[in-house]
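These values consider heavy atoms only, across backbone and side chains, with no hydrogens, waters or symmetry-generated copies.
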Amino acid sequence: MIKLLAVDMDGTCLDGRSRMTDRTLETLRKAAKEGITVVPCTGRNLGCVPHRLAAGVLRESKTEDDKKNQGLFRYAITSNGAMVTDVKEKKTLFQALIKQEDALSIVSACSQEKFGVAAHVKHRYFAQGKLFTSAGRIVYGKDAAAVCCVRDMEAILVRGGCDVEELQFYFPTSKGKMKLKEILSRYPQVKAAYTGIYAEVFSAEASKGNGLKALASYLGVEKEEIACIGDGENDQFMFDESGLKIAMGNAGETLKMQADYVTLSNRHDGAAEAIEKYILSI
């Protein structure tokens with residue numbers, strides 16, 4: 001019997017245009033109503049959890065539709081497992097952060113490159129430069145409403161005086177990607193998950209798997225009682241901690257090979273299809 005459902009957001013619960021469909025949202029609600037602990041498990045920070053999911057949970061309910069979300073989720077694994085939070089009690093259950101001095105050193109080393117730079121700090125999302133911030137708001141819409149535009153990321157990290165959940169670097173070319181990999185190879189204390197256009201950089205002690213393992217231990221849930229759905233290389237770690245592993249149709253071949261089932265793509269409500277088929281009792 002599945003007691004905990006860990007679901008990735010981008011590429012899984014969100015379609016190719018970063019939208020959550022009515023079917024996906026309603027299926028997650030059904031899982032929660034059946035007593036399953038639904039846990040967003042994402043590279044995003046807590047402040048940028050998809051707005052349709054956050055409404056009525058992280059943000060005040062404004063509509064009758066929002067009110068349907070009440071009780072949808074209580075725990076969130078964010079910034080690729082750097083943070084595990086009880087959002088009801090506003091309590092940190094687990095954290096694995098990049099040391100402030102390491103974050104500053106990495107950002108400084110990348111400052112000569114034409115990278116877009118962002119950081120997750122204390123559940124907030126900071127993006128460097130108006131152009132980069134505006135582009136993010138166009139792509140992510142309401143999900144990016146809480147993004148803070150800053151002029152100088154190094155200054156923000158110094159002023160914050162704290163460790164960092166995650167750094168993100170957006171590269172315009174494959175050459176930029178290779179350069180970023182070369183820079184990060186000097187920092188064994190961090191690791192990175194890459195897409196074709198950006199990398200998420202987090203502590204070597206952070207992963208969706210470590211976050212999920214910590215939450216399961218806190219809740220007293222066994223591995224075989226956990227199901228997860230994902231599409232990216234950062235989801236491989238939560239697969240290691242789950243009894244039922246489901247890969248999206250748009251996932252890479254490595255993840256598909258690790259999965260118990262492969263569902264439809266995120267363009268065809270694959271996450272909802274999998275929850276209906278393999279997890280819900282009806």
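Judged purely by distance below 3.5 Å, without hydrogens or angles, the side chains of T12 and D231 pair a donor atom with an acceptor atom. Between T21 and T24, the side chains place a donor N or O and an acceptor N or O closer than 3.5 Å (distance only, hydrogens not considered). A donor-acceptor contact closer than 3.5 angstrom is absent between the side chains of E200 and Y194. At a cut-off of 3.5 Å, with distance as the only test, no side-chain donor of Y75 or T37 sits close to an acceptor on the other residue.
Listed for the D235 side chain is no donor-acceptor partner under 3.5 Å among the backbone atoms of I229. Put simply, the side chain of S105 never gets that close to the backbone of D102: no donor and acceptor are under 3.5 Å apart. Side-chain atoms of D86 come within 3.5 Å of backbone N or O of E89 as a donor-acceptor pair. For the pair Q100 (side chain) and L157 (backbone), a donor-acceptor distance under 3.5 Å is present. Counting only distance, with no hydrogens or angles, the side chain of K208 and the backbone of C41 share a donor-acceptor pair below 3.5 Å. Side chain of R44 to backbone of V49: no donor-acceptor contact under 3.5 angstrom is found. No donor-acceptor pair closer than 3.5 Å links the side chain of S79 to the backbone N or O of A82. Panel note: side chain T92, backbone F94; no donor-acceptor pair is recorded below 3.5 Å.
The existence of a salt bridge linking R267 and D15 is excluded, since no basic side-chain nitrogen approaches an acidic carboxylate oxygen closer than 4.0 Å. Checked for salt-bridge contact, D240 and K245 miss the test: no charged N lies under 4.0 Å from a carboxylate O. Salt bridge annotation for E165-K122: absent, with no cationic side-chain nitrogen under 4.0 angstrom from a carboxylate oxygen. The existence of a salt bridge linking E273 and R23 is confirmed by a sub-4.0 Å separation between a basic side-chain nitrogen and an acidic carboxylate oxygen.
Separation of atoms NE2 (H51) and CZ (R19) is listed at 11.0 Å; rounding is to 0.5 Å.
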Could you please spell out the steps behind the side chain to side chain contact (heavy atoms under 4.5 Å, CB included) verdict for L255 and E233?
CA-CA 7 Å; L255 198 69; E233 66 173 83; over 6 Å; no

Could you walk me through whether V57 and Q70 pass the side chain to side chain contact (heavy atoms under 4.5 Å, CB included) check?
CA-CA 6 Å; V57 180; Q70 292 179 1; over 6 Å; no

Please report the C-alpha distance between V7 and C228 in whole Å, then the side-chain angles of each, then the deciding distance to 0.1 Å, and finally whether the side chain to side chain contact (heavy atoms under 4.5 Å, CB included) criterion is met.
CA-CA 6 Å; V7 283; C228 68; over 6 Å; no

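The list of ring-ring contact (aromatic ring centres under 6.0 Å, His included) pairs with a residue in residues 224-261, not counting sequence neighbours, reads Y261-Y278.
Checked options L46, L93, V84; the residue passing with I77 is V84 (criterion: side chain to side chain contact (heavy atoms under 4.5 Å, CB included)). Of the residues N234, T42, N210, N45, the one that meets the side chain to side chain donor-acceptor pair (under 3.5 Å) test with N80 is N234.
Around NZ of K256, the count of heavy atoms belonging to other residues, nucleotides or ligands within 6.0 Å exceeds 12.
With a 4.5 Å cut-off between side-chain heavy atoms of Ile, Leu, Val, Met, Phe, Trp and Tyr, the cluster of M83 takes in L97.
Smallest separation of non-hydrogen atoms from L212 and S242: CD2-OG, 3.6 Å.
Note on ring orientation: taking the six-membered ring where Trp is involved, the planes of F115 and F171 are perpendicular (angle over 60°, cut-offs 30° and 60°).
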